[in-house]
Amino acid sequence: MAAFLLMYFAFSLCILVACIIVIFHLMRYSLNRKIALYTTICFVSITLLLILINLYFFVNIPFAELELLGNS
Amino acid sequence: MNLDKIIHSTTSTQEKTYAILHRHWFDLASRFILIVMFLIFITWCALYAAAYLNSTGDTQLIPVVYFLTSFLYLIAWIYSFFIWVDYFLDIWIVTSARVVNVEQKGFFARNTSELDYVHVQDVTSEIQGIIQTLFNYGDVYVQTAGAEGKFMFRHVARPEKIKTLVMHLNRQAISKRAHPNALIKEIQDHTDHHGPE
């Protein structure tokens, strides 16, 4: 369980870094401020939604039963 | 960064912008289609796996399947935006004074180069293949006398119109350059013939 938590934490960190890179480039290098803002809002909102869905499924994984399944 | 900072980075403030170009939309769409197909495939796999696990009674693994599917969706979404940023930040700007090429190479490399029209030697437009012919997009190569060598507009819409525009602006720049000398010569000829006034 601890190993899975650690892996999930590392994965979340990578996602966060990737998101920061995308937002940084959109805000800094876009020609049009409005387009930069709208695309950033779209990106952040859908990314947050996907992260929450992913977190929900992660939390609902029955780790105890899977460990028993692995041991048997 | 916005357009004013790119265009007015030199002393000229009389510059007129004729075109701001990105790669053709089909270039972007073709990459997104692959991602969509991938997402459809993994969704189908997830549904099939869940149905199979239900039938065999191993329902503890179903949340794992859904977790992995949502994980892949998240990766695909972020990768889509990597593609979008790469597309959106590649810009070619054709102004009355020069051509500006802003090229995003990956995430941590960005090239900005300019080309004055007087240095243009040759302009070629190229449309290759069925897709490019149908959607009227292709490459424009601008041969220069400068260090850059060749300037390339990659996968832009209406490449022949862009080629015509660049050639027209090149001729204009050359004739403007030629004009001051012709004018000085005319004045000198007039002074020699009629004497100083």
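Bear in mind that the values here come from a model prediction, so they are computed numbers and not experimental data.
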Check the angle between the aromatic planes of [X] and [Y] and answer parallel, tilted or perpendicular using the 30° and 60° thresholds.
{"X": "A:F24", "Y": "A:Y29", "answer": "perpendicular"}
{"X": "B:H24", "Y": "B:F135", "answer": "tilted"}
{"X": "B:W77", "Y": "A:F43", "answer": "parallel"}

Nearest-0.5 Å distance that lies between atom OH in B:Y66 and atom CD1 in A:I53: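 With rounding to 0.5 Å, OH (B:Y66) is 13.0 Å from CD1 (A:I53).
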Nearest 0.5 angstrom please: B:Y141 OH to B:T124 OG1, how far? 9.0 Å
Which atoms of [X] come close to chain B, meaning under 4.5 Å heavy atom to heavy atom: side chain ones, backbone ones, both, or neither?
{"X": "A:L49", "result": "neither"}
{"X": "A:C14", "result": "neither"}
{"X": "A:F4", "result": "neither"}

Would you indicate whether A:I41, at its atom CD1, is surrounded by more than 12 heavy atoms from other residues, nucleotides or ligands within a distance under 6.0 Å?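 Yes, the 6.0 Å shell around CD1 holds more than 12 heavy atoms from other groups.
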So which residue, A:I15, A:I61, A:L50, A:N54, ends up with the most heavy-atom pairs under 4.5 Å with chain B?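 Maximum pair count with chain B is reached by A:N54.
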Interface check, chain B: of A:I46, A:L26, A:N60, A:I35, most non-hydrogen pairs under 4.5 Å belong to A:I46
Which atoms of [X] come close to chain A, meaning under 4.5 Å heavy atom to heavy atom: side chain ones, backbone ones, both, or neither?
{"X": "B:I75", "answer": "side chain"}
{"X": "B:L74", "answer": "both"}
{"X": "B:F88", "answer": "side chain"}

